[in-house]
There are 2 protein chains.
Amino acid sequence: MTTQINGSVVKAFKILDLFTEGRSELTATEAARALKINMITAHRFLHTLEHIGALVMVSRGVFRLGYLFAELGDRALRDGGLAAALQPVLDQLARDLGEACMATVFERDMAVCIAKALPDRPLYVDIRIGSRLDAFCTAHGKLWLAFMEEDQRDAWLNRTRLQAITANTITSPTALRQELDQIRRDGYAVNNAEREKDIYALAVPVTNRNGKMISALSVFGASASLITQNRPTLLTRLQEAAKSCQTGL
Amino acid sequence: MTTQINGSVVKAFKILDLFTEGRSELTATEAARALKINMITAHRFLHTLEHIGALVMVSRGVFRLGYLFAELGDRALRDGGLAAALQPVLDQLARDLGEACMATVFERDMAVCIAKALPDRPLYVDIRIGSRLDAFCTAHGKLWLAFMEEDQRDAWLNRTRLQAITANTITSPTALRQELDQIRRDGYAVNNAEREKDIYALAVPVTNRNGKMISALSVFGASASLITQNRPTLLTRLQEAAKSCQTGL
DNA sequence: AAATTAAATTTCAAATATAGAAATATTAAA
DNA sequence: TTTAATATTTCTATATTTGAAATTTAATTT
């Protein structure tokens, strides 16, 4: 057998996950319904999480996220130092290109946004720090898959179903393998509105001195020109930026 | 009796708290020692937290914070919208004054840093988002105590021991009460190196249209002049800034 | 203002999941 | 290769959690 997992802790985090799914307030009844658990149990977990400081009760039975997570989140981002090291590069990149940029790491089968920089325009496409991006239908995700150890990639392909999300999503494992081969040859990945309609992206890997991929940088936005006319220019700047990161790592 | 608290969840967060106390990596043996729990138990909790995605195993038995918290932290900060609303005010303030500035809320008996802006200088005093500041020996903390409901303040005073941290820490309840009365009269609070040697601060409350205190703003740094020669000027600017927040809330 | 309803909270016994001892596996150091 | 230290698994007594039922609280309708 493998190490035994504590069910209470799992349940507590399932409740916390409800907050990441767009809710900002939660009651015992809502949590119970959403997770299909007993309402009394939900009630007790909410109170336990409040006792700890993870949640704050705003009125009888109504809970919000507490600032405890602000600290843990801040630590998670700065402990590797990666996010901090990449931030100035992203800032410069976003200024230069006039488009939103971000950096990811790969964790639990998905690309996770660890830093971003937004363009100085009134309207732009934004992403939340900590957001998790599907591996098979995003530029970052495909990049990570492409540069992953082969056996890990195979394992990933075996356990993941390629469910169509937009008209452009790649849903055939064979097609995806071909795409990943291409990405490895090209050294960059494209998202052609495969995850969200009208959202395009161009991503390149960031490697350390040993050639190991430690992050990925991208430009993203609502303009298809990112991956058509402007692709060569953007690509050059992205690759320069990715290279300039190495010195700081 | 009161709602029963789930011990497993409490234990899980005690382990996570070890990370906020300056550690970036943890093993079962270390956790067990730090929390005086059985090593096998610690081992299982670490694995449970990894299973959930709260931690990541970097090598056999060695764990780091996962980026799950980046998302929860981001949500916690933006859900109230307070941090986002105050950020531009802080940025401007830090630029104008050439000193570090921050904003807090009051949660679980302490002032919690929810936003900050740093001066454009090579060396400066920094604070981590999410850091919790003792109520009795910081400018923010004393401000919150001063403007709190009287019965809550009394309850707080009853359950808290005023332990000296620096030579300037106020340790007598009577003296603290007098200080809080003074703060209420003045409308601002000072930290005269009461929490950290050579760290000074000046803080003012942010109120909403109903006059309820919803945040606090401060200038802080390593220069005593913050609370001596420059106090009048800084105070004026802080109070203007605090006032300007109201429109955004 | 009283009655009604819905949800939150507490109490208690049964069921279950957790804790820790002991054994084993793994890694690093000598 | 041996030794030592720590990580991991197995097993079962026991402490903890669970959920039904009862009670309290607050909001909504009459």
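Predicted model only: the values in this text are computed from it and were never measured. Just the heavy atoms: all of them, side chains too, but no hydrogens, waters or symmetry mates, feed the values below. Letters A, B, ... are given to chains in the order of the sequence lines, protein chains preceding strands, and every chain is numbered from 1.
Using a cut-off of 4.0 Å between Lys/Arg side-chain N and Asp/Glu carboxylate O, B:Arg184 and B:Asp181 are scored as salt-bridged.
With axes fitted over five pairs at each extremity, the angle between the ends of the helix from C:dA1-D:dT30 to C:dA30-D:dT1 is 50° (10° resolution).
Heavy atoms of A:Ile5 sit under 4.0 angstrom from primed sugar atoms or phosphate atoms, though from no base atom.
Between B:Leu16 and B:Leu55, the closest heavy-atom pair is CD2-CD2, 3.9 Å. The heavy-atom pair separating B:Ser24 from B:Phe19 by the smallest distance is O-CE2, 3.6 Å. Here the shortest heavy-atom pairing between A:Thr104 and A:Ser215 reads O-OG, 2.8 Å. B:Phe147 and B:Arg153 make their closest contact through N-NH1, 4.4 Å (heavy atoms, listed as atom of the first residue, atom of the second, distance). Taking every heavy atom of both residues into account, B:Lys116 and B:Asp126 meet most closely at NZ-OD1, 3.0 Å.
Comparing A:Val62 and A:Ser8 by the nucleotide of DNA chain C that holds the closest heavy atom to each, the one mapping nearer the 5' end is A:Val62.
Among residues two or more places apart in sequence or in another chain, the ring-ring contact (aromatic ring centres under 6.0 Å, His included) test is passed with B:Phe13 by A:Phe13. Residues passing the ring-ring contact (aromatic ring centres under 6.0 Å, His included) test with A:Phe63, sequence neighbours excluded: A:His47.
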Contacts table for residues 27-39 of chain B: side-chain donor-acceptor under 3.5 angstrom, sequence neighbours left out:
unit_1: B:Thr27; atom_1: OG1; unit_2: B:Glu30; atom_2: N; d: 3.3
unit_1: B:Glu30; atom_1: OE1; unit_2: B:Thr27; atom_2: N; d: 3.0
unit_1: B:Asn38; atom_1: OD1; unit_2: B:Ile40; atom_2: N; d: 2.7

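Sorted by residue number, the members of residues 36-45 of chain A with any non-hydrogen atom under 4.0 Å from DNA chain D read A:Asn38, A:Ile40, A:Thr41, A:Arg44, A:Phe45. Interface residues of residues 24-31 of chain B facing DNA chain C, ordered by number: none; criterion, heavy-atom separation under 4.0 Å.
When the C1' atom of C:dT9 is taken as reference, atom NE2 of A:His51 falls 17 Å away, rounded to whole Å. Straight-line distance from the CE atom of B:Met57 to the C1' atom of C:dT26: 13 Å, rounded to whole Å. The nearest whole Å value for the distance from the CD1 atom in B:Ile15 to the C1' atom in C:dA19 is 14 Å. The nearest whole Å value for the distance from the CD atom in A:Gln4 to the P atom in C:dA19 is 7 Å. Taking atom CG of A:Leu46 as the reference point, atom C1' of C:dA8 lies 11 Å away to the nearest angstrom.
Of the candidate nucleotides D:dT6, C:dA19, D:dA26, C:dA19 has the atom lying nearest to any side-chain atom of A:Asn6.
Side chain to side chain, A:Thr138 and A:Asn191 fail the donor-acceptor criterion of an N or O pair below 3.5 Å.
The side chain of B:Lys11 contributes no N or O atom lying less than 4.0 Å from OP1 or OP2 of C:dT18. Phosphate contact (OP1/OP2 of C:dT9, side-chain N/O of B:Thr2, threshold under 4.0 Å): absent.
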Is there a salt bridge (Lys or Arg N to Asp or Glu O under 4.0 Å) between A:Arg159 and A:Asp109 once you walk through the steps? CA-CA 10 Å; A:Arg159 67 173 169 266; A:Asp109 282 358; 2.8 Å; yes

